[in-house]
Amino acid sequence: MTVFRNSSAVPLSGKAHVFPVDYEAEVSQRLVDASHDNDLKSACECLGDPFVDVNFVGTVCLKSKKTEIVVQGESAHEVRVEYEEFKTQVTTLFLAAHSGNLTLVRKLLGYGANVNQKLFRGYATTAAVREGHLEILEVLIKGGASQQACEEALLEASYLGRARPAEMLMGSDLIRPQAAVHALVSACCRGFVHVVDTLIKCGVDADATDRALLQSCRPSLYTNVHCNALVAAVVSRQISVVRLLLQAGVRTDIKVSLGGWSWDVSTGEEFRVGAGLAEAYSVTWCAVEYFEASGAILRLLLQHLSPNIPHFGRTLIHHAILCNNERAVDVLLNCGADVEVPIKTTTSKTDCPIHLASRLGLPAVLQRLINDGCDVNSQTGSGETALMICARYKHQECLKILAADGADFGLINSSGHGASSIAESARWALGFRQAVLDVIRSGKDVQSSNTSIFSPLMFVTRANDVEALKKLIEGADVDLDAR
């Protein structure tokens with residue numbers, strides 16, 4: 001309805017100006033404002049006007065919740081809930097559901113308010129879930145909420161960790177299976193174990209996959225991937241959710257493409273390809289690469305899967321070493337990982353875990369392997385020991401650890417070279433000498449089964465190090481007349 005309003009000011013011509021006014025829009029906006037102010041009396045007065053439109057979309061400054069996933073390194077992701085205030089278009093029913101005014105919601109539905117009108121911040125059902133108004137949500141569902149309105153409200157419940165609204169929406173029989181799976185995966189990413197439990201009890205397929213945004217800062221990951229609830233919980237480091245899913249009997253024989261490392265199965269050479277670009281691997285491999293700080297998730301998974309199942313010629317212990325994760329190595333060894341298992345290529349068997357750690361220069365990992373009883377003198381297919389590998393790749397700290405733990409300097413590879421000669425050919429004779437002298441000075445015995453290849457006495461004498469010579473004589477039976 002359009003009416004005309006006279007201007008209060010009279011122009012020089014003596015004639016009054018007349019402006020058209022959309023009375024229907026004006027009274028409808030008053031209704032929106034009354035609902036925004038939670039003023040039931042004014043709202044009822046507006047509803048009594050025959051020209052009011054209960055589905056009118058007006059503009060208000062709305063204060064509403066928003067959620068954000070905060071990535072916490074190797075700890076569980078957290079959900080930050082904040083209020084933001086911004087101008088947006090809303091309906092009276094949306095505002096009543098948002099503010100929790102049950103009486104006004106019932107009146108508006110009685111006057112024909114559209115429960116399925118979608119706005120920028122969702123449906124009225126979304127607003128009710130967001131603010132935790134269960135009675136209003138129930139009224140809206142019974143008032144004719146559509147499938148889309150209920151599914152969006154369910155997703156909102158999974159974002160905010162609201163289990164009771166999720167149960168109510170699942171009981172409406174308006175939620176399609178894929179929408180329920182999407183809500184389940186979202187809740188797993190956020191660690192809302194009660195929502196996950198509710199959805200599983202309501203019959204959601206926990207083994208089904210959905211496209212979800214997975215995030216991590218160590219290693220770096222921010223990508224949408226097809227995954228199931230278990231993978232989402234593992235990447236998000238949600239221990240309680242992983243435990244619940246395993247107790248519910250979810251499948252563990254799944255593969256997912258989230259790895260950042262690839263390797264040539266012919267040569268064993270590794271390549272850093274970036275997260276999500278490597279070949280699909282098992283969920284336990286995912287738990288190693290996206291390791292949770294306490295190791296609880298990996299331990300839970302290893303109760304269902306062996307740590308020694310090969311993947312393109314490697315096992316979990318190799319992958320943990322490749323990822324330079326000493327704590328993952330510790331968990332794997334405590335759960336029965338084979339410390340001597342070699343990497344298998346298409347032509348031969350190459351590095352054992354100790355060789356891989358030595359080649360990559362990981363002293364902490366190397367020490368953990370030695371503490372678990374690995375053979376410090378085991379040899380690769382070409383006859384190289386961990387000591388020789390350290391000399392070739394110039395890893396001084398690793399060489400010191402091996403020497404202090406009894407590695408044999410007298411062994412040779414298939415080409416007839418020992419650790420000392422390999423260091424010289426790698427132009428690292430000075431670093432090699434310093435490392436060995438440091439070990440001798442610390443009072444440790446340097447072992448050599450073949451003094452013609454390496455003699456600790458001759459080595460110290462040539463280095464002209466008196467202190468090391470004294471320690472050598474004090475600490476072992478040394479034949480000073482040996483040649």
Side-chain angles (χ1 to χ4, degrees), residues 64-69 77 79-81 90-91 93-94 96-98 100 102 105 109 114-214 224-233 236 238 240-241 244-245 248 250:
S64 177
K65 285 181 181 177
K66 70 169 184 176
T67 62
E68 178 185 6
I69 293 180
H77 294 2
V79 177
R80 180 185 296 155
V81 180
V90 292
T91 62
L93 182 62
F94 181 94
H98 172 81
L102 180 60
V105 167
L109 291 175
N114 183 7
V115 71
N116 296 312
Q117 190 166 357
K118 187 173 182 180
L119 303 158
F120 175 71
R121 290 292 281 165
Y123 298 89
T125 51
T126 317
V129 170
R130 186 181 297 125
E131 301 302 325
H133 303 309
L134 279 175
E135 286 185 272
I136 290 177
L137 176 62
E138 186 177 10
V139 168
L140 293 173
I141 293 172
K142 291 178 179 178
S146 66
Q147 187 175 70
Q148 290 80 7
C150 289
E151 288 179 349
E152 185 166 313
L154 179 64
L155 189 59
E156 190 72 16
S158 72
Y159 286 164
L160 285 162
R162 300 197 184 280
R164 185 68 186 91
E167 182 181 11
M168 186 182 294
L169 289 160
M170 289 298 298
S172 69
D173 295 327
L174 291 171
I175 307 297
R176 290 171 294 180
Q178 196 57 43
V181 172
H182 186 55
L184 175 65
V185 173
S186 299
C188 288
C189 288
R190 289 160 172 77
F192 293 134
V193 66
H194 296 302
V195 175
V196 174
D197 186 41
T198 296
L199 292 174
I200 292 175
K201 287 178 178 177
C202 288
V204 180
D205 183 2
D207 291 317
T209 61
D210 185 72
R211 193 163 182 83
L213 174 64
L214 298 185
N224 283 290
V225 295
H226 282 287
C227 67
N228 66 3
L230 182 59
V231 171
S236 303
Q238 303 294 350
S240 298
V241 176
L244 174 64
L245 291 170
V250 296

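Computed from a prediction, not measured in an experiment: that's the story for all the values here.
- Minimum interatomic distance between Ala153 and Val129 (heavy atoms only, all atoms of both residues): O-CG1, 3.7 Å.
- Proximity of a side-chain donor or acceptor of Asn116 to a complementary backbone N or O of Gly144 within less than 3.5 Å is detected.
- How far CE of Met168 is from CG of Leu137: 5.5 Å, rounded to the nearest 0.5 Å.
- In terms of heavy atoms, Leu214 sits closest to Cys227 at CD1-SG, 4.0 Å.
- We find the CZ-NE2 distance between Arg130 and His98 to be 8.0 Å, quoted to the nearest 0.5 Å.
- Between the CG atom of Leu154 and the CG atom of Leu169 there is a distance of 5.5 Å, given to the nearest 0.5 Å.
- Shown here for Ala128 and Ile136, the closest heavy-atom pair between the two residues is CB-CG2, 4.0 Å.
- A donor-acceptor contact shorter than 3.5 Å links the side chain of Glu151 to the backbone of Arg176.
- Once rounded to the nearest 0.5 Å, the distance linking CG of Asp197 with CD of Glu167 reads 10.0 Å.
- Between Ser240 and Val193, the shortest heavy-atom distance links the atoms O-CG2, 4.0 Å.
- The number of heavy atoms from other shown groups lying within 6.0 Å of CD (Glu135) does not exceed 12.
- In this structure, the side chains of Asn228 and Val231 come closer than 4.5 Å at one or more pairs of heavy atoms.
- Contact annotation: the side chain of Gln117 never approaches that of Phe94 to less than 4.5 Å [non-hydrogen atoms, C-beta and beyond].
- Considering only heavy atoms from C-beta on, Leu93 comes within 4.5 Å of Leu140 through its side chain.
- In this structure a side-chain-to-backbone donor-acceptor pair under 3.5 Å is present from Arg211 to Asn224.
- Smallest separation of non-hydrogen atoms from Val241 and Gly191: CG2-CA, 3.8 Å.
- Ser186 places a side-chain heavy atom less than 4.5 Å from the side chain of Leu155.
- Distance CD/Gln178 to OG1/Thr209: 6.5 Å, rounded to 0.5 Å.
- For the atom pair CG of Leu184 and CZ of Phe192, the computed distance is 13.5 Å after rounding to the nearest 0.5 Å.
- In this structure, Glu156 contributes its side chain and Ala127 its backbone to no donor-acceptor pair below 3.5 Å.
- Using a 4.5 Å cut-off on side-chain heavy atoms (C-beta onward), Met170 and Val204 make contact.
- Closest of all the heavy-atom pairs between Ala145 and Thr125 is CB-CG2, 3.9 Å.
- In this structure, the side chains of Thr126 and Arg121 stay at 4.5 Å or more apart for every pair of heavy atoms.
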